[in-house]
Amino acid sequence: MLRLRFDLSGRPATLITNCKRYYNGLCGLGLYRNPPDQAISLASLNEAIVNADQKYQSAINYDRVQIILRNNAFKELIEKFKKVVAYLQLVATEDDIPDLLQAGVQVVEVNRKKKAPAPATD
């Protein structure tokens, strides 16, 4: 089982930069060029990135209202990227790993261990 993730942590400027990089990677990814209607479209993802960037630029002067708007825009952006990762986890196979890595997606292979039964005590 493959587990995919994006690095969506850090300062706001780092988050915006990473999201733009991930968006460019998704544009070139064959798996995500034509997503179904249930998945987040690239246009919607780009709008969220532009909105978050604008809110970030507005909040530079430490206006409390703008900071709240920026935080809400970032939450929306992060949720969209989480939905993108969830979709990619469903459709990606091990053959797609090089393309996913090229797009900036972190691939973690999960091996589940079988738990041994606890020994019986008398």
Side-chain angles (χ1 to χ4, degrees):
M1 177 178 179
L2 293 176
R3 177 133 181 143
L4 307 176
R5 63 181 211 157
F6 288 117
D7 181 18
L8 300 173
S9 61
R11 297 185 157 273
T14 306
L15 178 66
I16 292 288
T17 304
N18 285 342
C19 288
K20 287 180 180 179
R21 184 170 53 97
Y22 298 145
Y23 171 76
N24 289 334
L26 286 173
C27 288
L29 187 62
L31 280 172
Y32 206 76
R33 281 208 185 112
N34 297 316
D37 294 336
Q38 296 87 0
I40 303 293
S41 68
L42 289 172
S44 172
L45 197 59
N46 190 32
E47 288 175 12
I49 292 171
V50 169
N51 182 34
D53 192 23
Q54 288 174 349
K55 300 295 186 209
Y56 170 69
Q57 296 299 329
S58 298
I60 286 180
N61 63 358
Y62 299 107
D63 183 12
R64 291 177 190 237
V65 174
Q66 295 300 324
I67 290 173
I68 291 171
L69 292 174
R70 176 199 68 191
N71 292 344
N72 290 339
F74 280 3
K75 285 179 187 175
E76 178 185 333
L77 181 63
I78 289 171
E79 288 302 315
K80 287 191 179 202
F81 270 103
K82 285 181 180 179
K83 289 179 183 178
V84 167
V85 166
Y87 171 73
L88 287 175
Q89 276 186 198
L90 288 175
V91 297
T93 62
E94 289 190 13
D95 297 335
D96 300 321
I97 290 176
D99 295 333
L100 291 169
L101 291 173
Q102 186 70 27
V105 180
Q106 297 174 359
V107 179
V108 180
E109 192 164 342
V110 178
N111 294 327
R112 295 189 179 199
K113 292 183 181 178
K114 292 183 179 179
K115 292 186 178 180
T121 57
D122 291 327

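When all heavy atoms of Arg5 and Gln106 are compared, the closest pair comes out as NE-OE1, 2.7 Å. The two residues Leu101 and Val107 come nearest to each other via the heavy atoms CD2-CG2, 4.0 Å.
In this view, Phe74 satisfies the ring-ring contact (aromatic ring centres under 6.0 Å, His included) rule with no residue, not counting sequence neighbours. Contacts of Tyr23 classified as ring-ring contact (aromatic ring centres under 6.0 Å, His included), with partners at least two apart in sequence or in another chain: none. In this structure Leu31 satisfies the side chain to side chain contact (heavy atoms under 4.5 Å, CB included) test together with Leu29, Leu88, Val91, Ala92, Asp96, Leu100, sequence neighbours excluded. Glu79 is linked by a side chain to side chain donor-acceptor pair (under 3.5 Å) to nothing, counting only residues two or more places apart in sequence or in another chain. Scored by the side chain to side chain donor-acceptor pair (under 3.5 Å) test, Asp7 finds Ser9 as partners (sequence neighbours excluded).
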**Worked verdict on Cys19 versus Ile78 for side chain to side chain contact (heavy atoms under 4.5 Å, CB included)** = CA-CA 9 Å; Cys19 288; Ile78 289 171; over 6 Å; no
**Message:** Test side chain to side chain contact (heavy atoms under 4.5 Å, CB included) on Asn18 and Phe6; report intermediate values, then the result.
**Reply:** CA-CA 9 Å; Asn18 285 342; Phe6 288 117; over 6 Å; no
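In the hydrophobic clustering of ILVMFWY residues, with side-chain heavy atoms under 4.5 Å counting as a link, Ile67 and Leu15 come out apart.
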Taking distance alone, no hydrogens or angles, what donor-acceptor pairs closer than 3.5 Å link side-chain atoms of residues 35-61 to residues at least two apart or in another chain?
from, atom 1, to, atom 2, distance (Å)
Ser41, OG, Ser44, N, 3.2
Ser44, OG, Lys80, NZ, 2.7
Asp53, OD2, Lys20, NZ, 3.3
Ser58, OG, Gln54, O, 3.0
Asn61, OD1, Asp63, N, 3.3

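Here the side chains of Val84 and Tyr22 are not in contact, with every heavy-atom distance at 4.5 Å or above.
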